[in-house]
**Q** 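A single structure is presented below for examination.
Keep in mind that the numbers below use all heavy atoms, side chains included, and drop hydrogens, waters and symmetry copies. Numbering of ligands and ligand atoms starts at 1, following listing order.
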Amino acid sequence: MNKILIIGSNGQIGTELLQTLRSKHGNENIIASDIREPKEPDHYFEQLDVMDKEKLKSIIKKYQIKEVYLLAALLSATAEKNPEFAWELNMESLFNVLNLAKDKVIDKIFWPSSIAVFGPTTPRENTPQYTIMEPSTVYGISKQAGERWCEYYANRYDVDVRSIRYPGLISYSAPPGGGTTDYAVEIFYSALKDEKYTCFLSEKTPLPMMYMEDAVRATIELMETNKSNIKIRSSYNLGGISFTPEEIYACIRSTRPNFEIEYVPDFRQNIADTWPGSIDDTAAQEHWGWKAKYDLEEMTKDMLNNVQIDKNLA
Ligand code: SER
């Protein structure tokens with residue numbers, strides 16, 4: 001068993017990926033790391049600022065890590081507040097890990113890209129794998145540049161780096177980290193607390209989304225498939241569910257009829273307006289057999305059953 005390091009293990013994706021990989025391969029084989037300490041003591045956790053190249057190397061050496069999932073990043077909304085730092089963090093972390101693979105210290109990398117690589121000139125419906133990409137956020141620019149570097153390292157140095165363009169991810173175990181799609185998580189907390197939800201996007205803003213269980217399964221399927229199946233080394237489009245705030249609100253309201261919403265768009269509306277409404281993921285389906293399971297109704301039902309409102313969303 002190749003030992004795996006998850007960087008960003010306390011985040012929205014990291015929390016669930018860690019649990020799933022640990023139950024599959026055993027705690028001792030999946031090392032967690034994050035800039036913040038975990039809530040529960042964890043024998044296999046290392047505190048790590050991913051910009052600290054030396055510490056990253058020493059952890060890799062200590063546990064003889066062969067695979068890295070790099071999940072630390074500043075997301076779209078947070079990145080707009082600090083563009084320079086976002087660029088530095090999102091790019092440097094990727095180079096630190098790519099270079100370890102180039103030097104053959106590690107064998108395999110997972111690095112997430114995002115629908116944020118697309119921009120206002122991209123076709124919005126069923127956005128193709130290959131299309132115009134002129135991202136207008138610092139987050140999107142960093143993800144697009146990252147994709148180019150992943151492909152470059154794969155072609156030039158035979159680095160086995162694999163990537164997915166995640167849509168907005170919806171989950172209940174850990175809060176999202178400052179994205180434009182976060183409303184689709186927040187809305188459930190308001191619904192369950194019987195509070196009116198103030199949505200920061202307008203009611204008719206369609207965005208591609210995915211339930212976390214599907215996203216974690218996609219990530220592991222991509223990482224476990226034979227190397228020969230990976231024909232795209234930049235990043236794979238991944239489709240899940242597409243909906244507008246009005247549609248998810250209606251879906252929640254069908255079981256919580258008193259739930260109320262108001263729409264007060266803020267700067268995140270401008271970001272959402274440049275992103276696709278839905279994604280064509282034919283390449284992922286054909287190359288490594290991807291198929292999403294959750295639709296809006298099932299996802300909503302599962303969220304309403306599992307969100308714990310006493311958990312702090314911040
Ligand atoms: N969920 C992310 C964001 O909104 C998209 O990658 O920033």
**Q** Can you list the atoms of ligand 1 that are under 4.0 Å from a heavy atom of Y139?
**A**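 Within the 4.0 Å cut-off of Y139, ligand 1 contributes 6 (O), 7 (O).
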**Q** Check the angle between the aromatic planes of Y183 and F200 and answer parallel, tilted or perpendicular using the 30° and 60° thresholds.
**A**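 The rings of Y183 and F200 stand perpendicular, inter-plane angle above 60°.
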**Q** So, for Y236 and W290, is the gap between ring centers shorter than 6.0 Å?
**A**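 Ring-ring flag for Y236/W290: false, centres at least 6.0 Å apart.
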**Q** When you measure from atom 4 (O) of ligand 1 to every protein heavy atom, which one gives the shortest distance, and what is it?
**A**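 Closest protein heavy atom to atom 4 (O) of ligand 1: T180 N, 2.6 Å.
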**Q** Can you tell me how the ring of F95 sits relative to the ring of W149, calling it parallel under 30°, perpendicular over 60° and tilted otherwise?
**A**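 Perpendicular: the ring planes of F95 and W149 meet at over 60°.
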**Q** For S173 and T15, does a side-chain donor sit closer than 3.5 Å to a side-chain acceptor?
**A**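 Side-chain D/A pair, S173 to T15: absent.
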**Q** What about D182: any of its N or O atoms under 3.5 Å from an N or O on ligand 1?
**A**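 Between D182 and ligand 1 (N or O atoms, distance only) the closest approach is not under 3.5 Å.
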**Q** Is the shortest distance from a heavy atom of W275 to ligand 1 less than 4.0 Å?
**A**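 Checking ligand 1 against W275, which is what was asked, there is a heavy-atom contact under 4.0 Å.
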**Q** Quick one: look up the protein heavy atom nearest atom 1 (N) of ligand 1 and list residue, atom name and how far away it is.
**A**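 Looking at atom 1 (N) of ligand 1, the protein heavy atom closest to it is T181 OG1, 2.8 Å.
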**Q** Report yes if S114 has an N/O atom closer than 3.5 Å to an N/O atom of ligand 1; otherwise report no.
**A**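 Indeed, backbone or side chain, S114 has an N or O that close.
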**Q** Distance check, rounded to the nearest 0.5 Å: S114 atom OG versus I164 atom CD1?
**A**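 Taking OG in S114 and CD1 in I164, the distance rounds to 12.0 Å.
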**Q** Near S76, which atoms of ligand 1 are under 4.0 Å from a heavy atom of that residue?
**A**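 The list of qualifying atoms is 3 (C), 4 (O), 7 (O).
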**Q** We want to know whether Y211 and E298 form a side-chain donor-acceptor pair, criterion being a heavy-atom distance below 3.5 angstrom.
**A**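 No donor-acceptor contact under 3.5 Å links the two side chains.
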